[in-house]
Amino acid sequence: MRNGTRLRTTALAALPAAALLAGCGSVAGAVGAEPKLGPVEVNPPTAALALPMDAYTDTEAESIRMGQVQQRLLSRCMARYGFAYEGPKSSEPAGGRGPEDRHRNLFGAADLAYAAAYGYDPTGGEGSAAKPAAPELSDSAYAVMNGEQRGAPGGRAPDAMNEEEAAAVDSGLTAGGQKVPAGGCGREAYRKLYAPTKDSVDLLFTFGLAAEAHDRSKNDSRVLAVLEKWSACMGRSGYSGIKTPYDVIEELGLQSEQGGPKAVNAAKADVACKHEVNLVGVWGAVEKAHQERLVEEHAETLALYKAQREARFRLAAAVA
């Protein structure tokens, strides 16, 4: 992404588990026996779900805020070299969803009113906003932004994993009589916010842990049992052969009409079947148990990550 600012976005939350784990190294150890469950609530709303990893992951609103802060850091860096840069105008909603919506789609459609109104449309009928185009950059501004000349082979520019190491890395470029930071201003902005020191925990680490817990929960015998009941209920409702809530859209060919009448009818049946078998209650309890196990296994790293996350919020307040 040499033309972009490399800003972190909420799209990270939608990455496949395999991609997230690849970004943070191996967090999966021996799974062992299935963890014991705490209380299993009866059809809790997803807004009421509280999972251990919530303490370490940003809400959508927080992610949008951090993206804005990173953009400001980028603009300040560019200004040091004489370039006025505001970046693309965000297409994200002004506030973003808060903690009550954190797990809205964790187990697929789960809210009957939403399903009846929007089916499987994740935008709530608003559609997806077009990604704003990045501003055009002169060749010199491009070099300062990316730490390499326009047209250079990608991935070969000197870079650094964190801001401490960056001080010793020579980008080989100067602008206005000053050395361009390793990786350019795009990377400097990221490092200042997410990797200021050598012990900075990879931004994807907590996403990887949450993804690993979810993968484990999908193969837990208690989830497999409730999925079998849900699938049978869906069959009785006229939707046979669907094994999991994640398969509904593809199995029914709803990719291009996730908010249409056919999708609404399927989503209503989907949610009704979830209620009939208490899928959210059971799966939520299993998900929590697997997260608790991983939090315990990685307690030291998570404590460091939490402290660094709090430092990011303090920086964000100062940059605003």
Side-chain angles (χ1 to χ4, degrees), residues 1-27 63 66-91 130-208 211 301 305 308 312 315 319:
M1 303 195 317
R2 306 306 299 180
N3 276 326
T5 61
R6 307 184 190 177
L7 296 183
R8 177 205 176 197
T9 68
T10 54
L12 278 172
L15 287 175
L20 293 171
L21 290 175
C24 65
S26 177
V27 297
S63 292
M66 289 298 105
Q68 293 168 343
V69 170
Q70 190 176 344
Q71 186 68 65
R72 289 194 182 98
L73 290 171
L74 171 60
S75 296
R76 290 183 181 183
C77 177
M78 294 293 286
R80 294 203 313 264
Y81 298 91
F83 299 104
Y85 181 83
E86 294 185 4
K89 299 298 182 183
S90 175
S91 60
K131 185 177 180 180
E136 288 294 326
L137 297 175
S138 66
D139 288 348
S140 54
Y142 179 96
V144 172
M145 170 75 77
N146 296 290
E148 64 182 13
Q149 299 292 350
R150 193 190 300 273
R156 297 185 184 179
D159 202 350
M161 294 297 294
N162 57 72
E163 196 64 3
E164 283 185 350
E165 292 179 353
V169 177
D170 187 354
S171 68
L173 297 174
T174 59
Q178 302 179 76
K179 283 284 188 181
V180 173
C185 284
R187 282 291 291 163
E188 179 187 278
Y190 175 89
R191 290 190 301 260
K192 283 188 172 182
L193 190 58
Y194 295 112
T197 59
K198 292 180 180 178
D199 67 349
S200 296
V201 179
D202 193 310
L203 178 61
L204 295 183
F205 181 75
T206 56
F207 288 99
T301 303
Y305 182 88
Q308 293 171 352
R312 279 197 290 277
L315 174 61
V319 170

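Residue A175 comes nearest to V144 through the heavy atom pair CB-CG2, 3.6 Å, listed as atom of the first residue, atom of the second, then distance.
Between P181 and S171 the shortest side-chain heavy-atom distance does not fall below 4.5 Å. Residues F83 and M145 have side chains not in contact (no heavy-atom distance under 4.5 Å, counting atoms from C-beta outward). Counting heavy atoms from C-beta on, the side chains of N162 and Y190 never come closer than 4.5 Å. Between Y85 and P135, the closest side-chain pair of non-hydrogen atoms falls below 4.5 Å. At a threshold of 4.5 Å between non-hydrogen side-chain atoms, the residues R312 and Q70 do not count as touching. Within the 4.5 Å cutoff, the side chain of C185 has heavy atoms near those of the Y81 side chain. With a 4.5 Å cut-off on side-chain heavy atoms, V69 and L193 count as touching.
Within the structure, the side-chain hydrogen bond (donor to acceptor under 3.5 Å, both in side chains) test picks out the following pairs touching residues 172-183 (sequence neighbours left out): D170-K179.
Side chain of R187 to backbone of A160: a donor-acceptor contact under 3.5 angstrom is found. The backbone N or O of S138 sits less than 3.5 Å from a side-chain atom of R150, completing a donor-acceptor pair. For N146 (side chain) and E148 (main-chain N/O), no donor-acceptor pair under 3.5 Å exists by modelled atom type.
For the atom pair OG1 (T197) and CD (E165), the distance works out to 10.0 Å, reported to the nearest 0.5 Å. For the atom pair E164 CD and D199 CG, the distance stands at 7.5 Å (nearest 0.5 Å).
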**OP:** Using the side-chain contact (heavy atoms from CB on, under 4.5 Å) rule, take Q308 and Y194 through it: C-alpha gap first, then chi angles, then the decisive distance, then the call.
**Re:** CA-CA 8 Å; Q308 293 171 352; Y194 295 112; over 6 Å; no

**OP:** May I have the step-by-step check of side-chain contact (heavy atoms from CB on, under 4.5 Å) for D159 and V169, ending in yes or no?
**Re:** CA-CA 7 Å; D159 202 350; V169 177; over 6 Å; no

**OP:** Please lay out, stage by stage, how L173 and Q149 fare under the test side-chain contact (heavy atoms from CB on, under 4.5 Å).
**Re:** CA-CA 9 Å; L173 297 174; Q149 299 292 350; 3.4 Å; yes

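Not a single side chain to side chain donor-acceptor pair (under 3.5 Å) links R76 to another residue, sequence neighbours left out.
Here E163 does not pair with K198 in a salt bridge; the nearest charged N to carboxylate O distance is not below 4.0 Å.
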